[in-house]
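This report concerns only the one structure given below.
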Number of protein chains: 2
Amino acid sequence: MSQHRHPGAPGRAGAVPALPDLPEATVARLPEYLRALHNLAETGHETVSSEGLASAAGVNSAKLRKDLSHLGSYGTRGVGYDVALLIDQIEYVLGLTQRRAVALVGVGNLGHALAGYDGFVSRGFRIAALFDADAARVGEEINGLVVRHIDELPRVAAEEAIAIGVIATPASAAQSVADQLVAVGVTSILNFAPCVLSVPEGVDLRKVDLAIELQILSFHEHRKASLTALPATGGSALTALPGGLAVTDPQEAIGT
Amino acid sequence: MSQHRHPGAPGRAGAVPALPDLPEATVARLPEYLRALHNLAETGHETVSSEGLASAAGVNSAKLRKDLSHLGSYGTRGVGYDVALLIDQIEYVLGLTQRRAVALVGVGNLGHALAGYDGFVSRGFRIAALFDADAARVGEEINGLVVRHIDELPRVAAEEAIAIGVIATPASAAQSVADQLVAVGVTSILNFAPCVLSVPEGVDLRKVDLAIELQILSFHEHRKASLTALPATGGSALTALPGGLAVTDPQEAIGT
DNA sequence: AGGTGTGAAAGCGTTCACAGCG
DNA sequence: CGCTGTGAACGCTTTCACACCT
């Protein structure tokens, strides 16, 4: 484990201590812990047990303790974790001690909503610029920011020190936008377009696909239905193909 | 190699056949394969190899083959997969042969965008109703649908056979909305509110938290920065991390 | 006593590599 | 041959259970 070191400690933005090499699964949960901790802090809690924090974050306590142990974090045996200290520590590890600038590309339906989404701002980010390729949208003001043409990306990226790019364009434009973001030095991209993007090594890419989430739920609905529909028959694990499958007729030819 | 099903068998009329019990990780990728397959179909491909489909879907071919093998799916050795057949099969497994009705609760910033999001409609769903608790929003028309008051949920849920609920309210309202959805029989919920929800066993719950995605990216930005900031020693060995994911996803360079 | 930190075990998911079919 | 389907190996994640600290 590491030695005593005060994480978000004031000053010293330059000499960054090496970050522990956290498992991805742990990294993905830290933001959830952080949110729970902020709630606890607001409600006056000064310490919290692994059990308490775990339930606030929707995980079990063993997992939480293991996750926090990777940070080399300090709980106090017999007591729990210091809420404020843990907040500092997680915010430090997540790199939230600096408010990173986000560029949002594509101000259509979804982009509009993202541009106005409070959660980005309230949880450590700054939407620094909006872009679109559609001249009709350039100049529009959303939430205090003016939509710029994508061609201005190079200039603005430098001025604003853009750290993260968010793609909310149609799928057809997404790869090109990603390329442009990479070209101006952005190394983290969040993609909302329903398509696979390829980026060079060293660039982090995450994807959110809203329809996919629904389709996963649909699978479970389907499975639940097929289970309850079955009497306890020998469970012939037969999968039938549609062909002339009953139910509603498919209206396929879906696509984008 | 147990009694493996032979899918092709057209369904027995009426009774829904039991679905194979797929690994969650596989389920989560099927929608991606489906999207890639639709693209291939539109561009005139009739068959595709595991290699080809895998790269279109952003995974490696071993994973793809393993996933499809869980469906008991047919490829033809030496040839590949029949695109149209595979589309049918995946759509069947995901339960997309019926267009499920979705209720969206909360038409604020994000809810507005979701209500107008084409992807839901084009990929197998029907937004059947919009709800909000704010009287000022009730009556507003979005994308051809009128916003109703949440109190009407019971009546509307029955009329429209709501299968999936989407929560896009502030965190403070989300648990109450979830309870109401569960009460009217909804067994699948997609939550966009940044909070932990609790639902009874048997109800499927998925969560999308946009700020969390950014925070995960922020961590990797922070880590990259701390590595490059490191004095020479060992630093270079670490940046390139051989054999593997220095980054979030095995989303490697895929040629397109 | 109370609760964290952590080896060890169990469980999943991914990757490898190749048998075997078309 | 080419390519699928799949056992077996591997690595990551979760869970367990308890030593150890306060």
Side-chain angles (χ1 to χ4, degrees), chain A residues 1-4 20-30 32-33 37 45-83 85-86 89 216 239, chain B residues 1-8 20-30 32-33 37 45-83 85-86 89 216 241-252 254:
Chain A
M1 84 160 87
S2 354
Q3 10 189 283
H4 259 269
D21 204 349
L22 306 175
E24 261 308 301
T26 295
V27 173
R29 282 186 295 263
L30 290 180
E32 199 68 59
Y33 302 156
L37 284 164
H45 296 72
E46 298 198 344
T47 64
V48 64
S49 68
S50 66
E51 196 64 57
L53 179 52
S55 86
V59 302
N60 69 51
S61 61
K63 196 184 287 184
L64 178 110
R65 286 200 304 278
K66 179 75 83 177
D67 282 341
L68 294 188
S69 78
H70 285 121
L71 310 184
S73 147
Y74 328 162
T76 310
R77 296 181 195 224
V79 178
Y81 300 92
D82 182 291
V83 171
L85 179 64
L86 201 46
Q89 196 149 350
I216 294 171
T239 311
Chain B
M1 55 145 69
S2 39
Q3 66 286 31
H4 243 318
R5 58 257 160 184
H6 262 204
D21 205 348
L22 306 175
E24 263 308 303
T26 296
V27 173
R29 283 186 295 263
L30 289 180
E32 199 69 59
Y33 301 156
L37 284 163
H45 296 72
E46 298 196 345
T47 63
V48 65
S49 68
S50 66
E51 195 65 55
L53 180 52
S55 87
V59 302
N60 69 50
S61 62
K63 196 184 285 186
L64 178 108
R65 287 200 302 280
K66 179 76 84 177
D67 282 341
L68 294 187
S69 78
H70 286 121
L71 311 183
S73 150
Y74 318 165
T76 310
R77 291 173 198 236
V79 178
Y81 300 91
D82 181 291
V83 171
L85 179 64
L86 202 46
Q89 197 150 348
I216 295 171
L241 265 186
L245 49 170
V247 290
T248 15
D249 270 351
Q251 181 92 24
E252 328 202 321
I254 316 148

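Chain letters run A, B, ... following the sequence lines, proteins first, then strands; residues in each count from 1.
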Would you mind reading off the distance between [X] atom [atom1] and [N] atom [atom2], rounded to a whole angstrom?
| X | N | atom1 | atom2 | answer |
| --- | --- | --- | --- | --- |
| B/E24 | C/dG11 | CD | P | 18 Å |
| B/K63 | D/dG5 | NZ | C1' | 18 Å |
| B/L64 | C/dC16 | CG | C1' | 16 Å |
| B/D82 | C/dG22 | CG | P | 16 Å |
| B/L68 | D/dT6 | CG | C1' | 13 Å |
| A/Y74 | D/dC20 | OH | C1' | 19 Å |
| A/L85 | C/dT4 | CG | C1' | 14 Å |
| A/D21 | D/dC12 | CG | P | 10 Å |

Original post:
CD of A/E46: more than 12 outside heavy atoms within 6.0 angstrom?
Top reply: no
Original post:
So, is B/R29 near the phosphate of C/dT14, with a side-chain N or O under 4.0 Å from OP1 or OP2?
Top reply: yes
Identify the heavy atoms of [X] and [Y] that sit nearest to each other, and give their distance.
| X | Y | answer |
| --- | --- | --- |
| B/Y81 | B/G75 | CD2-CA, 3.5 Å |
| A/Q89 | A/S73 | NE2-CA, 3.5 Å |
| A/A57 | A/E32 | O-CG, 3.6 Å |

Original post:
NA contact type, A/S73, heavy-atom cut-off 4.0 Å: base, sugar-phosphate, or nothing?
Top reply: sugar-phosphate
**OP:** With sequence neighbours excluded, tell me which residues meet salt bridge (charged side-chain N to carboxylate O under 4.0 Å, His left out) with B/R29.
**Re:** B/D67
Minimum-distance nucleotide to [X] side chain [options: [options]]:
| X | options | result |
| --- | --- | --- |
| B/A62 | C/dC16, D/dG2, D/dT13 | C/dC16 |
| B/R65 | D/dT15, D/dC18, D/dT4 | D/dT4 |
| B/Y81 | D/dT6, D/dT13, D/dT4 | D/dT4 |

Subject >> Residue mapping more 5' on DNA chain C - nearest nucleotide basis, A/H70 or A/V79 >> reply: A/V79
Original post:
Between A/G80 and A/K66, which has a closest nucleotide on DNA chain C that is more 5'?
Top reply: A/G80
Subject >> Position toward the 5' end of DNA chain D (nearest nucleotide), B/G78 or A/T26 >> reply: B/G78
**OP:** For the residue pair B/L64 and B/Y33, establish whether any side-chain heavy-atom pair is separated by less than 4.5 Å.
**Re:** yes
Original post:
Tell me, which of residues 48-60 of chain A have any heavy atom that sits under 4.0 Å from an atom in DNA chain C?
Top reply: A/S49, A/S50
Subject >> A/R77 (side chain) and C/dT4 (base): donor-acceptor pair under 3.5 Å >> reply: yes
Original post:
So how far is it from A/T47 OG1 to A/L85 CG, rounded to the nearest 0.5 Å?
Top reply: 12.0 Å
